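All ligand and atom numbering here is 1-based and tracks the order in the structure. Everything numeric in this text was worked out from a predicted model, so none of it was measured.
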Amino acid sequence: MTTPITPLIAGNWKMNGTNASLAEVRRLSELLTATPPRCTVVICPPATLLAPLNAIAAPSGIVVGGQDCHPMPSGAHTGDVSAQMIADAGAQYVIVGHSERRARYGETDDLVRGKAVAAMTAGLTPIICVGETEAERRDGKAEEIVAGQLANSVPEQIGQLGIVIAYEPVWAIGSGLTPTSDDIAQMHGTIRRLLTERYGEAGARSRILYGGSMKPANAREILDIENVNGGLVGGASLLANDFHAIISAV
Ligand code: 13P
């Protein structure tokens, strides 16, 4: 019998959080120490908080991740942070290709793939985001868009550490809207098929997260869907009690 895939719940704090927010992490650590989670728990804070958050979170098993990285290991790239730097701060994961970066900074699939390769080279597991816009879904193009992003944003070799895919429909992010369970099942099934065709066993075992308005109230229903191996949580990851409720829904 093959071992089941360990689910992953990742919190993406986006551009939120200062040292004061570490109190929420202390609280979450206490909750998780009292009841150990049935999944990997990752928090992706702003880069300024990676090291202090890691120091607080590591004893309770919470893992830290970056929100983005540059494709180069170092150099004259003012304002950027490399995958090596993120790993050096104690992280094990890094989000790449979030739709907010694709849309606002014009990040292409090629650039996202370069970032994912840089992440793996630095010993990080990339969480590669894909997802269609509202107009693309309305036009019946959601699967075509996601398949194209997968084909071009995911590196040819996914190596020992593997990859995590986060399906985040753009229109569901921060909107309180979510796709129907059938629509999530359909898209995650397609992503699983494409990963398995391309990477074999490694694709069959890659974690596919759902992201977009995941909350304590809908987490259980979403996490029960076939081929949903966890969640990438924005707003609801900022407060320990809400994030803990989602973790407990696994
Ligand atoms: P929300 O959970 O706030 O909708 O954000 C989702 C997201 O973008 C996570 O990366």
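Between Q67, K14, E168, E100, it is K14 that holds the heavy atom closest to atom 5 (O) of ligand 1.
Checked against a 3.5 angstrom limit, the closest N/O atoms of S175 and ligand 1 fall outside it. Residue K215 places no N or O, backbone or side chain, under 3.5 Å from any N or O of ligand 1.
Residue contact annotation: G212 has a non-hydrogen atom under 4.0 Å from ligand 1. Remark: distances from the non-hydrogen atoms of G174 to ligand 1 include one below 4.0 Å.
A donor and an acceptor atom, one from each side chain of T6 and R205, are nowhere located under 3.5 Å apart. A donor atom on one side chain and an acceptor atom on the other are found under 3.5 Å apart for H98 and E168. Side chains of S181 and E221: a donor on one and an acceptor on the other come within 3.5 Å.
Grouping Ile, Leu, Val, Met, Phe, Trp and Tyr by side-chain contacts under 4.5 Å, direct or through others, puts I95 with L8, V42, V63, Y93, I127, V164, L209, L232.
Shown in contact with L232 at under 4.0 Å from a heavy atom are these atoms of ligand 1, numbered in order with element: 9 (C), 10 (O).
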Q186 vs E143, test: side chain to side chain contact (heavy atoms under 4.5 Å, CB included). Steps then yes/no.
CA-CA 9 Å; Q186 169 85 21; E143 296 215 12; 2.8 Å; yes

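The protein atom (non-hydrogen) at minimum distance from atom 2 (O) of ligand 1 is G234 N, 2.9 Å. Atom 3 (O) of ligand 1 has G235 N, 2.9 Å as its closest protein atom, hydrogens excluded (heavy atom only).
Contacts of I173 with ligand 1, taken as heavy-atom pairs under 4.0 Å, involve both backbone and side chain.
Side chains of P46 and W13 form a contact here, defined as non-hydrogen atoms less than 4.5 Å apart.
The side-chain hydrogen bond (donor to acceptor under 3.5 Å, both in side chains) contacts involving residues 120-138 comprise E132-R137, E132-Y167, E132-W171, T133-E136, R137-Y167, where partners must be two or more places apart or lie in separate chains.
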